Amino acid sequence: DAKTTQPTSMDCAEGRAANLPCNHSTISGNEYVYWYRQIHSQGPQYIIHGLKNNETNEMASLIITEDRKSSTLILPHATLRDTAVYYCIAFSGSARQLTFGSGTQLTVLP
Amino acid sequence: NAGVTQTPKFRVLKTGQSMTLLCAQDMNHEYMYWYRQDPGMGLRLIHYSVGEGTTAKGEVPDGYNVSRLKKQNFLLGLESAAPSQTSVYFCASIWGGSGNHEQYFGPGTRLTVT
């Protein structure tokens, strides 16, 4: 799986959009970009994934650049409950081994 | 549908003792994973399995053994526990077919080795 790079930490004001970047410059054609988050000591929670096109679900939007070397997770209206560590992962089912990086600690401020 | 469950939720061991952590999933998933997470750190992959009867090493396999005798269960064993194995252990599973590879996580097992 391609290595991903994320900022260590970010702050966001409550009610504003949180934009979390991820660099995956070595991503291969069959690797999807997945985003997870981990709130406190709970098990990680799936947020969204995409291959080439931008994706949106009830939790977030995922914007993938045309060259697929980077992506941005957008939480449109951040709340205090969105404070968590966010992980960006490049993964293809054929690779099977799925590893997590260090993630970004997002703190939503009141 | 319980998803991914882990047994036990908490455990305290003395150095040198052994134990087995059980992960069970009822989603008919092919792939299963064991991670450990130390305080303030990210998840590190210990071992994983891509199907019944198969296992493979991850990033930090030393001191652990695993078995996948049944598709729904993935066991993690510590033969001789050490204080360095104090951690939170997470199990996860993936369907394994083409397309969506969303990983489902269990609630974690908090292990302390004294």
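Given the structure is predicted, the values throughout are model-derived calculations rather than measurements. The sequence lines fix the lettering, A, B, ..., with proteins before strands; numbering per chain opens at 1.
Taking both residues in full, the closest heavy atoms of Gln42(A) and Phe90(B) are given as O-CZ, 3.6 Å, listed atom of the first, atom of the second, then distance.
Connection of Leu13(B) to Val66(B) is established within a shared hydrophobic cluster, with ILVMFWY side chains joined at heavy-atom distances below 4.5 Å, either directly or through further cluster members. When the side chains of ILVMFWY residues are joined at heavy-atom separations under 4.5 Å, either directly or via intervening members, Leu73(A) and Tyr87(A) end up in two distinct hydrophobic clusters. Placement of Tyr104(B) and Trp35(A) in two distinct hydrophobic clusters is found when ILVMFWY residues are connected by side-chain heavy-atom separations under 4.5 Å, directly or transitively. Under a hydrophobic-cluster definition in which Ile, Leu, Val, Met, Phe, Trp and Tyr are linked whenever side-chain heavy atoms come within less than 4.5 Å, directly or via other members, Val50(B) and Ile46(B) are assigned to different clusters. Hydrophobic clustering keeps Tyr31(B) apart from Leu69(B) (ILVMFWY residues linked when any side-chain heavy atoms are closer than 4.5 Å, directly or through intermediates).
For the side chain to side chain contact (heavy atoms under 4.5 Å, CB included) test with Gln103(B), the passing option among Tyr36(A), Tyr34(A), Phe91(A) is Tyr36(A); the others fail.
Contact of Gln37(B) with chain A is made through the side chain alone, with heavy-atom distances under 4.5 Å. No part of Gln105(A) comes within reach of chain B, as not one of its non-hydrogen atoms sits under 4.5 angstrom from that chain. With a threshold of 4.5 angstrom between heavy atoms, Arg110(B) approaches chain A through side-chain atoms but not through N, CA, C or O. Looking at Leu43(B), the atoms closer than 4.5 Å to chain A (heavy atoms on both sides) sit in the backbone and in the side chain alike.
Between the CD1 atom of Ile48(A) and the CD atom of Glu102(B) there is a distance of 11.5 Å, given to the nearest 0.5 Å. Between the CD atom of Glu59(B) and the CZ atom of Phe100(A) there is a distance of 10.5 Å, given to the nearest 0.5 Å.
At most 12 heavy atoms of other shown residues, nucleotides or ligands fall within 6.0 angstrom of atom CE in Met41(B).
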